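Computed from a predicted structure; not experimentally measured. In what follows, every heavy atom counts, from backbone to side chain, and hydrogens, waters and symmetry copies are set aside. All residue numbers refer to positions in the sequence shown, counting from 1.
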Amino acid sequence: MRVLVTGGAGFIGSQIVAELGACGHEALVFDALLPSAHAPLAPHTAYVGDRPESWTVADVRDRDAVAAALRGVDAVCHQAAMVGLGKDFADAPDYVGCNDLGTAVLLAEMARAGVGRLLLAGSMVVYGEGRYECPRHGVVRPGPRAVADLEAGRFEPYCPGCGAPLRPGLVGEDAPVDPRNVYAATKLAQEHLAASWARATGGRAVSLRYHNVYGPGMPRDTPYAGVASLFRSALARGEAPRVFEDGGQRRDFVHVRDVAAANVVALDSLAERPPGAFAAYNTGSGEPHTVGEMAQALAAAYGGPEPVVTGEYRLGDVRHVTADSARLRGELGWKPEVGFGEGMVEFAGAELR
């Protein structure tokens with residue numbers, strides 16, 4: 001299979017390119033090499049290696065470049081995106097432009113070229129808060145956390161019916177979506193665009209809703225980096241990782257090699273799906289940990305300093321979101337191979353971009 005990987009020079013994309021090659025597929029890379037995801041002074045030739053003809057350095061919103069890159073392609077693995085919460089809402093036009101307009105351009109050119117298979121890098125952020133149970137009311141959906149509660153250090157959501165403490169659990173793919181920041185809204189819009197494209201063209205699309213992906217090659221400390229990268233960058237500077245809230249936020253930290261393997265398995269499944277099909281799969285390790293636990297494990301593996309719990313918060317962050325990846329395991333036979341402890345030890349000694 002000949003696969004165009006948008007964002008193929010990035011943290012996750014480059015691992016997918018390597019995994020595709022290891023599985024006997026041909027990967028073509030399309031990447032804008034944005035400074036937020038790549039070292040700003042690194043020339044693109046550093047990534048090209050021995051096959052420059054397999055590379056396109058361009059923005060996914062460039063219709064001509066996308067059209068040229070799609071020639072002879074069997075499937076597209078769409079990883080190109082602006083990630084993270086950014087700095088403030090002023091980033092909204094950039095997120096919508098990169099993520100949603102970029103996806104629309106790609107899909108329009110795929111329709112024109114007759115390329116009918118799409119693997120989309122989705123995200124668990126489309127759920128907003130995760131699954132919660134109230135002892136009295138059962139499964140409930142808490143509203144956005146109030147600024148007054150966050151300022152007072154009350155970080156846990158409470159039952160909207162009775163105010164009782166809630167028990168977090170695993171969210172499944174059929175749960176209602178509730179994006180709570182601009183990035184999350186753009187990731188959900190990407191899925192809607194992909195589903196519309198599949199219906200209109202008879203194409204086949206899968207979205208892998210990634211959890212907190214970490215591992216070698218993460219971008220360094222930028223406003224758009226993930227929390228694992230921020231902590232690892234602080235340790236490299238000799239500084240303590242700064243843990244927001246009380247460190248009790250539950251997440252699922254999944255290794256980038258496991259995510260790359262999930263992409264290849266999902267790409268292989270596309271040919272067997274009916275025309276017009278769209279499916280979403282949670283993609284996580286199945287081992288929920290708190291952000292505080294992750295900071296402690298990473299600092300211990302690195303050799304200190306100890307994390308500092310700051311009580312600070314970011315509007316738009318959710319408290320707990322850990323999803324059930326049983327559907328991906330059951331339907332496609334994928335399973336993660338890198339455990340939390342092993343992965344954190346490796347990541348502590350890994351290079352960042």
message = Under a 3.5 Å distance rule, please check whether Ser123 uses its side chain to pair with a backbone N or O of Arg209 as donor and acceptor.
response = no

message = Within the supplied structure, the quantity of interest is the number of heavy atoms (other residues, nucleotides, ligands) at a distance under 6.0 Å from Arg237 CZ; does it exceed 12?
response = yes

ask   = Would Met344 and Leu352 show up in the same hydrophobic cluster when neighbours are defined by side-chain heavy atoms closer than 4.5 Å?
value = yes

remark   = Taking every heavy atom of His320 against every heavy atom of Gly248, the minimum-distance pair comes out as CE1-O, 3.1 Å

ask   = Should Arg319 and Asp246 count as an ion pair when the cut-off is N to O under 4.0 Å?
value = yes

note = The ring pair (Phe, Tyr, Trp, His ring centres under 6.0 Å) partners of Phe340 (sequence neighbours excluded) come to His289

inquiry  = Could you check whether any side-chain N or O of Asp91 sits under 3.5 Å from a backbone N or O of Asp94, counting only pairs where one atom can act as donor and the other as acceptor?
reply    = no

request  = Please identify each residue that fulfils ring pair (Phe, Tyr, Trp, His ring centres under 6.0 Å) with His78, with sequence neighbours left out.
outcome  = none

inquiry  = According to salt bridge (Lys or Arg N to Asp or Glu O under 4.0 Å), who are the partners of Arg250, at least two apart in sequence or on a separate chain?
reply    = none

Heavy-atom closest pair, residues Leu150 and Tyr313 = CD1-CD1, 3.6 Å

Per-pair distances, 0.1 Å, donor-acceptor, side chain in residues 11-19, under 3.5 Å, sequence neighbours excluded:
residue, atom, partner, partner atom, Å
Ser14, OG, Gly10, O, 2.6
Ser14, OG, Phe11, O, 3.3
Ser14, OG, Arg353, NH2, 3.0

ask   = When you check the gap from the basic side-chain N to the acidic O, do Asp174 and Arg327 get nearer than 4.0 Å?
value = yes

query = Do the non-hydrogen side-chain atoms of Leu70 and Leu4 ever get within less than 4.5 Å of each other?
reply = yes

Residue list, side-chain contact (heavy atoms from CB on, under 4.5 Å) with Arg117, at least two apart or on another chain = Met1, Asp74, Ala75, Leu270, Ala271

inquiry  = Quick one: does any side-chain atom of Thr290 pair with a main-chain N or O of Glu293 as donor and acceptor, under 3.5 Å?
reply    = yes

inquiry  = Minimum heavy-atom separation for Ala27 and Leu20, please, with both atom names.
reply    = CB-CD1, 4.0 Å

Gap between atom CG of Asn263 and atom SG of Cys77 - 0.5 Å precision = 4.5 Å

ask   = Hey, are Glu272 and Arg204 close enough for a salt bridge, meaning a charged N less than 4.0 Å from a carboxylate O?
value = no

ask   = For Arg167, what residues pass the side-chain contact (heavy atoms from CB on, under 4.5 Å) criterion, not counting sequence neighbours?
value = Glu133

key: side-chain contact (heavy atoms from CB on, under 4.5 Å) against Pro305, all qualifying residues, sequence neighbours excluded   = Leu235, Ala240

key: Carboxylate-amine/guanidinium contact Arg141 Glu129, below 4.0 Å   = no

task = Would you please name every residue forming a salt bridge (Lys or Arg N to Asp or Glu O under 4.0 Å) with Arg180, sequence neighbours left out?
result = Asp178

note = Residues His211 and Asp252: closest non-hydrogen pair is CB-O, 3.2 Å

request  = For Glu306, check salt bridge (Lys or Arg N to Asp or Glu O under 4.0 Å) against everything at least two apart and list the hits.
outcome  = none

message = Taking Tyr183 as the starting point, is it possible to reach Leu120 by hopping between hydrophobic residues whose side chains are less than 4.5 Å apart?
response = no

key: Members sharing Val345's hydrophobic cluster (side chains within less than 4.5 Å)   = none

task = Answer yes or no: is there a side-chain heavy-atom contact under 4.5 Å between Pro179 and Val126?
result = no

ask   = Passes side chain to side chain donor-acceptor pair (under 3.5 Å), Gln79 versus Thr6? Steps please.
value = CA-CA 5 Å; Gln79 305 295 313; Thr6 70; over 6 Å; no

Non-neighbouring partners of Asn212 that pass side-chain contact (heavy atoms from CB on, under 4.5 Å), sequence neighbours left out = Met124, Val227, Arg251, Phe253

key: Co-membership, hydrophobic cluster, residues Tyr127 and Leu170, 4.5 Å side-chain   = no

message = Closer than 3.5 angstrom, by distance alone: can the side chain of Glu351 be matched with the main-chain N or O of Pro216 as a donor-acceptor pair?
response = no

request  = Please check if Leu166 and Val318 belong to a single hydrophobic cluster, counting links between Ile, Leu, Val, Met, Phe, Trp and Tyr side chain heavy atoms closer than 4.5 Å.
outcome  = no

message = Tell me whether the count of non-hydrogen atoms from other residues, nucleotides or ligands lying under 6.0 Å of OH in Tyr158 goes above 12.
response = no

request  = Please answer whether the main-chain N or O of Asp62 pairs with a side-chain N or O of Asp59 as donor and acceptor at a distance below 3.5 Å.
outcome  = no

ask   = Honestly curious: do Val96 and Val83 fall in one hydrophobic cluster under the side-chain, below-4.5 Å linking rule?
value = no

task = Take Arg273 and Phe278, measure what side-chain contact (heavy atoms from CB on, under 4.5 Å) needs, and give me the verdict at the end.
result = CA-CA 9 Å; Arg273 296 177 183 275; Phe278 172 83; over 6 Å; no

request  = Check whether any side-chain heavy atom of Glu156 lies under 4.5 Å from a side-chain heavy atom of Asp149, and answer yes or no.
outcome  = no

task = For the pair Thr201 (side chain) and Gly203 (backbone), establish whether a donor and an acceptor sit closer than 3.5 Å, ignoring hydrogens and angles.
result = yes

inquiry  = Could you check whether any side-chain N or O of Ser229 sits under 3.5 Å from a backbone N or O of Pro219, counting only pairs where one atom can act as donor and the other as acceptor?
reply    = yes

key: Phe244 and Val291, any side-chain heavy atoms less than 4.5 Å apart   = no

inquiry  = Side chains of Pro307 and Phe231, heavy atoms from C-beta outward: is any pair under 4.5 Å?
reply    = no

Test salt bridge (Lys or Arg N to Asp or Glu O under 4.0 Å) applied to Glu346 - qualifying residues, sequence neighbours left out = Arg257

ask   = Can you name the closest pair of heavy atoms from Pro142 and Pro160 and give their distance?
value = CA-CD, 4.3 Å

ask   = Closest approach of Arg232 and Ala348, non-hydrogen atoms and distance?
value = NE-O, 3.1 Å

ask   = Does a side chain donor of either Thr186 or Asp100 reach within less than 3.5 Å of an acceptor in the other side chain?
value = no

message = Please check this pair: side chain of Asp258 against backbone of Val338, looking for a donor-acceptor N/O pair closer than 3.5 Å.
response = yes

